[in-house]
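Reminder, nothing fancy here: chain letters follow the sequence lines and each chain counts from 1. All of these numbers come straight from a predicted model, not from anything done at the bench.
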2 protein chains.
Amino acid sequence: MAVKELSQIERQLAILRRIPTEPQKVTVNDLIEYLESSHNLGNLSKRSIQRDMAMLERVFGVHVKTMGRENYYYFPQGSHISLKKMGPDLALGFLLMEKYTHSLLPEASLDALAPYFKEAKLALKNEKYKYADWEKRVAIYPKVYPLEPAKFNANHLLDIYKALLLNKQFKMNYTKKGGETKDYIVNAQGVVQQEQVSYLIATYDGQKAEGLIQFAIHRINDIEILDSQPKQIAGFDIREYLEQGGLDISLYQEQNLELVFNKPTAQHLNETPLSKDQQWTELKDGRVRVTATINITQSIKWWLLGFGDQVEVIKPKAFRDDMKKTVQGMMELYCRNSK
Amino acid sequence: MAVKELSQIERQLAILRRIPTEPQKVTVNDLIEYLESSHNLGNLSKRSIQRDMAMLERVFGVHVKTMGRENYYYFPQGSHISLKKMGPDLALGFLLMEKYTHSLLPEASLDALAPYFKEAKLALKNEKYKYADWEKRVAIYPKVYPLEPAKFNANHLLDIYKALLLNKQFKMNYTKKGGETKDYIVNAQGVVQQEQVSYLIATYDGQKAEGLIQFAIHRINDIEILDSQPKQIAGFDIREYLEQGGLDISLYQEQNLELVFNKPTAQHLNETPLSKDQQWTELKDGRVRVTATINITQSIKWWLLGFGDQVEVIKPKAFRDDMKKTVQGMMELYCRNSK
DNA sequence: TGCAGTGCGTCATATTGCGTCGTAATTGGT
DNA sequence: ACCAATTACGACGCAATATGACGCACTGCA
């Protein structure tokens, strides 16, 4: 790399990029070392950097704290410098992301993102764009509406992500289904988010049987990241885990599903098909036969039951029998008491 | 405002903020006008700005195009300057948002956001953080799994958002349920996204009956934003619209729902309750009675049916009868053919 | 208590920024 | 088609600013 002379501005920008946010900080010496190694130039005096810092403090709001004899420089949390005006496409992207995710993200991330959202709103609040009633015009409306979201501590989620990224074990206190609490030393393998509920996929030290355990994140009471390395499972891939039915176990081996729908109900399967190879045939009695190759899981059964008498399962035979049995059970419930 | 002398850097940053992205551009004269009006200072020469632009071109990658005798300056699309290093919380926030939303956002927004995601990945790819297998460890897994997402053109969604923000009418070609297509001049009122499907809530010119119409966005074939102003409904609020059952009509007036669950099934209602006032009582036969005040909608019925024989609807009576009728219908389906 | 290291004010010097001028190129009007 | 007006840009010289050296005050450590 050629030793390129840096002009004042370029040097100051290089410094700026090196300044971390609040919990971390940087000294003038760190900066000198960085500039010398990264931009290999040795002819810079400490005094210049000190002067640069004074300027950065004034113009960019870099904070400075004198601890002992040294000055430490850092950005306050949630600070944000935008040099470029946000375009409408970008601003819209941010606003949509905020709508979609604000109930799902950990607080710390939301706080960090807040300036971006704020800037996006500002970008759409000029003479041309009328952001004014965005809130009144756009909504996300989950289909599985009845449920209030599980009150989970998103900070625990953040800790888990950190453990994953830092490749560390962690200790957690967890409330088991029965209600007892227990401490685990956890080897996190992955995280799955399903609707409003997140699951940690992991093994733990002292586990009796082999295999991956699912922990619901909202049942975690406390997390502490440890320094030790987790026992990783070689070649773990969350997508494979899910495909093999990690959360949602296939009820049958057979994957050829055959259904008969009432026509109006079947209509929307044209728009959101069951699978890519879905077939759609009209029958003589006005109903519609739909076939698809798909893992038949508990959630498929749940989904089909939701249609009530609008759909009939034909194949696989075992699945049909299962449905029939369920319906008979329901029949008992509703006819027993009303007699 | 006091006439503040701007140092070189401050002036250059002020200029930087004024430079738009690709389709738009800016001339030196525009910049002078801006600086004089916005930072009221008149003592700057054109030559200085020209020199500043040369510097911004070199350091920040501002693009310049000489058209005729003037130079036009702009940022290329998808460019991004980051002065501040992304912290891990922020980076994580971006990565999660990408996971959650990348299938939902319009392309143009995704393109604009791409540099942020890229930067986030870079931020987690250092000696401390092991971003390496993030993709293999974190997944979003929708519960209503069977359905492939409706192939909707997210760019149409973007156009609708733009029409909303710019307060314009638009013309669209739409495929109706029957299969015929029709042109509409649309007064957009709002947008609702439900799972994988988005709906435009609007009125249109020449509408016969009063009231808001729902258009599925994936059935829109073409959109063209017009210059005319839409006929707005005073005080429209999408949340009110949804609460009053815009998408999901209440089946009954009564809101006191009473259910009896098998205990294992009821368990998770503790974590994700039906409503905030949900009551939970164990019965003598080991089952659990759950009461809640809630709009009883089609989606609630659908959700309850999904539980099959694990739940029994007690109140309201009309709802119980409705369920019973549905179950009888199902019974017929499964017993008729198997005889 | 003394030494080494840091921050910061000051001052002379070197560098850079800046306005002016001149030239080439382009545009629009008569 | 020509001229006036405007723009970009290189060159030049002066003024402003950045830079490095030095010294002083302060802090932490031995």
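- For B:K46 and D:dA8, the shortest distance from a side-chain N or O to OP1 or OP2 is not below 4.0 Å.
- Rounded to whole angstrom, the span from the CD atom of A:E70 across to the C1' atom of D:dT27 amounts to 11 Å.
- Checked against D:dG20, D:dG28, D:dC9, the side chain of A:R69 finds its nearest nucleotide in D:dG28.
- The aromatic rings of B:F94 and B:Y116 sit parallel, their planes meeting at an angle under 30°, below the 60° perpendicular limit.
- Between A:R58 atom CZ and D:dT17 atom P there is a gap of 11 Å when expressed in whole angstrom units.
- The listed nucleotides are D:dG20, C:dG19, D:dA8; the one nearest the side chain of B:N71 is D:dA8.
- The distance between atom CD1 of A:I32 and atom C1' of D:dT19, rounded to the nearest whole Å, is 14 Å.
- Place A:G68 and A:R11 on DNA chain D by their nearest nucleotides, and A:R11 ends up nearer the 5' end.
- Computed from coordinates, the B:I9 CD1 to C:dG17 C1' distance equals 13 Å when rounded to whole Å.
- Residue B:S48 places none of its side-chain N or O atoms closer than 4.0 Å to OP1 or OP2 of C:dG17.
- Checked by distance alone, A:R51 brings a side-chain donor or acceptor within 3.5 Å of a matching partner on the base of D:dG20.
- Looking only at distances, no side-chain donor or acceptor of B:E70 sits under 3.5 Å from a matching main-chain atom of B:G68.
- Residues B:Y174 and B:I220 form a side-chain contact, since some pair of their non-hydrogen atoms from C-beta on lies under 4.5 Å apart.
- In the interface, the side chain of A:R47 is paired with the base of C:dG9 through a donor and an acceptor atom under 3.5 Å apart.
- B:R17 places no side-chain N or O within 3.5 Å of a backbone atom of A:L83 that could act as its donor or acceptor partner.
- Atom C1' of nucleotide C:dG5 and atom CG of A:D30 are separated by 14 Å, given to the nearest angstrom.
- Counting only heavy atoms from C-beta outward, the side chains of A:I225 and A:K162 approach each other to under 4.5 Å.
- Atom-to-atom, CD1 of B:I49 to P of D:dC9 comes out at 14 Å; the value is rounded to the nearest Å.
- D:dA16 atom C1' lies 12 Å from atom CD of A:Q8, rounded to whole Å.
- When each of C:dG7, D:dA8, C:dC18 is scored by its nearest atom to the side-chain atoms of B:Q50, the top-ranked nucleotide is D:dA8.
- Look at CG on A:N29: it is 8 Å from C1' on C:dT6, rounded to the nearest Å.
- Nearer the 5' end of DNA chain D, as judged by each residue's closest nucleotide, is the contact made by B:T66, out of B:T66 and A:M67.
- Side-chain nitrogen and oxygen atoms of A:T27 include none within less than 4.0 Å of the OP1 or OP2 phosphate oxygen of C:dT6.
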